[in-house]
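Below you'll find the structure, written out as structure tokens, and then a few comments.
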Amino acid sequence: MNLASVIRAEQELLLPTYDRQKVLFTHGRGVYLWDSEGKRYLDCLSGLGVNALGHAHPAIQAVLKKQAGRLIHVSNLFFHEFQAELAKRLTKISGMEKAFFCNSGTEAWEGALKLARALARGENSNGHKAKWRILALENSFHGRTFGSLATTGQAKYRHPFAPLLPGVAFVGFNDVADLKRQFDGSVCAICLETIQGEGGIYPISAEFLQAARDLTQRTGALLIIDEIQCGLGRTGKYFAFQHYGVQPDVVTVAKPLAAGLPLGALLTTNRVASGMHPGMHGTTFGGGPLACAVAIEFLRQVDGLMGHIRETGDYFRKKLEGLKTKHSSIGEIRGMGLMLGIEIDSAETAKSAVAKLLEGGILINRTHDTVLRFLPPYIIQKKHIEQVIRALDAALASAPAKPGRTAARAGKLTKRSQAQ
């Protein structure tokens with residue numbers, strides 16, 4: 001099949017849920033992908049953070065081949081040897097005590113919401129009114145199932161499917177005063193991403209996260225943290241919340257966990273886990289032997305990459321900061337480790353930059369219209385970062401200047417110089 005025939009077949013047979021780039025990938029290795037015409041691409045998106053070890057990683061391939069020849073699926077009515085081992089590794093690195101495995105990030109998030117409601121009902125079974133309200137953050141994104149949508153703080157995702165899960169209210173991002181105003185004894189959970197990913201690479205503030213922790217501990221509500229995109233090494237620590245010294249009650253992970261196979265997990269404490277009993281929640285495919293075996297190997301590999309992630313992440317950010325001094329179209333640079341975003345002053349310029357990098361054989365994407373998002377594999381090297389910076393420099397240099405932009409930029413630089 002060639003690209004044109006695939007496009008025709010999809011237009012005829014698939015629901016129109018994706019606006020795909022017109023590229024047909026056939027294989028990959030390391031940080032590179034190749035299309036059907038033999039063109040090579042440097043992958044700085046890693047399948048939206050999924051392919052954190054790059055493509056065709058030899059250790060992952062070895063586990064896949066071995067386990068696929070032994071056992072792929074048995075269902076959760078029976079035991080297999082890998083779930084407990086994977087849970088042991090995940091709880092150890094997260095500081096949690098219990099795990100539940102599912103298929104995706106949105107499923108993990110649904111499970112976390114059910115945990116919050118179930119625990120609140122169980123702890124208030126003596127006639128007291130159960131806590132049931134959920135506070136989520138504006139600009140957030142937690143997935144596309146109904147509960148996840150209900151807690152996603154962007155109306156464009158919720159509106160077509162309303163009415164959604166009741167009892168959810170949205171707090172201004174990093175607005176501590178708004179959080180305190182909306183929080184009361186009826187709240188069973190505060191839900192947030194440590195770094196808003198789809199929303200534009202916005203890290204939570206230390207003040208806000210600590211306030212959320214203090215409020216929930218005071219009433220017994222849960223602090224639920226979504227690390228589906230920023231967790232499992234992406235920021236240079238196993239979990240982004242570990243940069244803040246705050247321990248949540250529940251954390252959800254998914255994207256890179258099984259190196260491309262569908263696998264998500266929620267991790268929690270013994271207290272929270274006590275709210276669940278057999279039959280209250282489950283999954284057909286989640287936590288199967290193939291995905292869990294691969295996930296164990298993924299975590300082994302990440303153990304040896306943490307220093308490299310921090311080093312290359314710092315290097316990438318410094319290079320982006322250097323680029324900012326050359327281009328007035330670049331605003332704020334945000335993120336941690338190898339999860340970085342740069343704000344561009346117009347959606348048109350950002351869209352053009354993504355297209356020009358794609359044409360030049362580099363994959364990134366645009367989120368929240370004006371943010372260029374970088375989620376490269378953990379194995380990326382400085383030479384690859386240099387290639388991205390050169391290409392982005394050229395792409396932004398060729399963008400048409402907006403009227404008054406140069407003068408305004410010059411004025412800012414002059415004021416900065418005078419201040420120094």
Side-chain angles (χ1 to χ4, degrees), residues 47-53 57 59-116 118-119 142-145 147-148 224-229 231-233 238-239 248-270 272-303:
L48 294 175
V50 169
N51 300 310
L53 296 180
H57 192 284
I60 298 298
Q61 282 188 315
V63 174
L64 276 169
K65 290 175 181 177
K66 179 181 177 181
Q67 189 58 36
R70 295 180 64 211
L71 191 64
I72 293 176
H73 177 76
V74 292
S75 94
N76 284 300
L77 296 178
F78 306 96
F79 294 98
H80 65 76
E81 62 186 294
F82 301 111
Q83 274 202 24
E85 175 62 23
L86 179 56
K88 180 179 179 180
R89 290 174 179 270
L90 287 171
T91 53
K92 181 179 179 180
I93 62 176
S94 64
M96 295 298 185
E97 294 166 313
K98 289 289 193 293
F100 173 82
F101 297 111
C102 52
N103 302 283
S104 66
T106 193
E107 287 180 59
W109 194 250
E110 291 284 337
L113 298 178
K114 289 176 71 175
L115 270 179
L119 182 69
H142 296 291
R144 299 180 185 275
T145 51
S148 298
I224 303 177
I225 291 187
D226 177 341
E227 296 241 351
I228 293 162
Q229 188 172 132
L232 300 176
Y238 287 112
F239 297 90
D249 299 296
V250 184
V251 59
T252 59
V253 294
K255 288 187 181 294
L257 180 55
L261 295 180
L263 184 63
L266 67 84
L267 309 171
T268 190
T269 64
N270 285 328
V272 178
S274 69
M276 277 289 183
H277 307 288
M280 290 178 67
H281 195 54
T283 172
T284 296
F285 294 103
L290 181 64
C292 286
V294 170
I296 291 168
E297 184 59 37
F298 166 76
L299 292 176
R300 286 195 189 107
Q301 296 296 320
V302 171
D303 284 345

[atom2] on [Y] to [atom1] on [X], rounded to 0.5 Å:
| X | Y | atom1 | atom2 | result |
| --- | --- | --- | --- | --- |
| Cys102 | Asn76 | SG | CG | 11.0 Å |
| Ile224 | Thr252 | CD1 | OG1 | 8.5 Å |
| Phe82 | Leu290 | CZ | CG | 9.0 Å |
| Phe239 | Ile225 | CZ | CD1 | 10.5 Å |
| Asp249 | Leu119 | CG | CG | 9.0 Å |
| His73 | His80 | NE2 | NE2 | 9.5 Å |

_Run Ser75 and Thr284 through side chain to side chain contact (heavy atoms under 4.5 Å, CB included) and show every step you take._
CA-CA 6 Å; Ser75 94; Thr284 296; 5.9 Å; no

*Let me see the working for Leu86 and Leu263 under side chain to side chain contact (heavy atoms under 4.5 Å, CB included), right down to the final yes or no.*
CA-CA 12 Å; Leu86 179 56; Leu263 184 63; 3.9 Å; yes

*Are Lys98 and Leu267 close enough, and set up right, to give a side chain to side chain contact (heavy atoms under 4.5 Å, CB included), and what steps lead you there?*
CA-CA 6 Å; Lys98 289 289 193 293; Leu267 309 171; over 6 Å; no

*Would you say the side chain of Pro289 lies within less than 4.5 Å of the side chain of Leu71, judging by non-hydrogen atoms?*
yes

*Are Pro248 and Glu227 close enough that some pair of their side-chain heavy atoms sits under 4.5 Å apart?*
no

Closest heavy-atom pair and its distance - [X], [Y]:
| X | Y | result |
| --- | --- | --- |
| Ala112 | Val250 | CB-CG1, 3.9 Å |
| Gln83 | Cys292 | CG-SG, 3.9 Å |
| Val294 | Ala258 | CG1-O, 3.2 Å |
| Ala254 | Ser104 | CB-C, 3.9 Å |
| Ala291 | Leu261 | CA-CD1, 3.9 Å |
| Ala265 | Ala108 | O-CB, 3.6 Å |

*For Leu266, which of Val253, Val251, Leu115 qualifies under side chain to side chain contact (heavy atoms under 4.5 Å, CB included)?*
Leu115

_Carboxylate-amine/guanidinium contact Arg300 Glu297, below 4.0 Å_ = yes

*Hey, what's the ring geometry for Phe100 with His281, parallel, tilted or perpendicular (30° and 60° as the breaks)?*
tilted

Polar side-chain atom of [X] near backbone of [Y] as donor-acceptor pair, under 3.5 Å:
| X | Y | value |
| --- | --- | --- |
| Ser94 | Leu90 | yes |
| Glu97 | Asn270 | yes |
| Glu110 | Lys114 | no |

_Apply side chain to side chain contact (heavy atoms under 4.5 Å, CB included) to residues Leu232 and Phe298 and explain how you reach the verdict._
CA-CA 10 Å; Leu232 300 176; Phe298 166 76; 4.2 Å; yes

*Could you check Glu81 against Arg70 for salt bridge (charged side-chain N to carboxylate O under 4.0 Å, His left out), going step by step and ending with a plain yes or no?*
CA-CA 12 Å; Glu81 62 186 294; Arg70 295 180 64 211; 3.3 Å; yes

_One pair to check against side-chain hydrogen bond (donor to acceptor under 3.5 Å, both in side chains): Asn103 and Thr283. What are the steps and the verdict?_
CA-CA 8 Å; Asn103 302 283; Thr283 172; 3.3 Å; yes

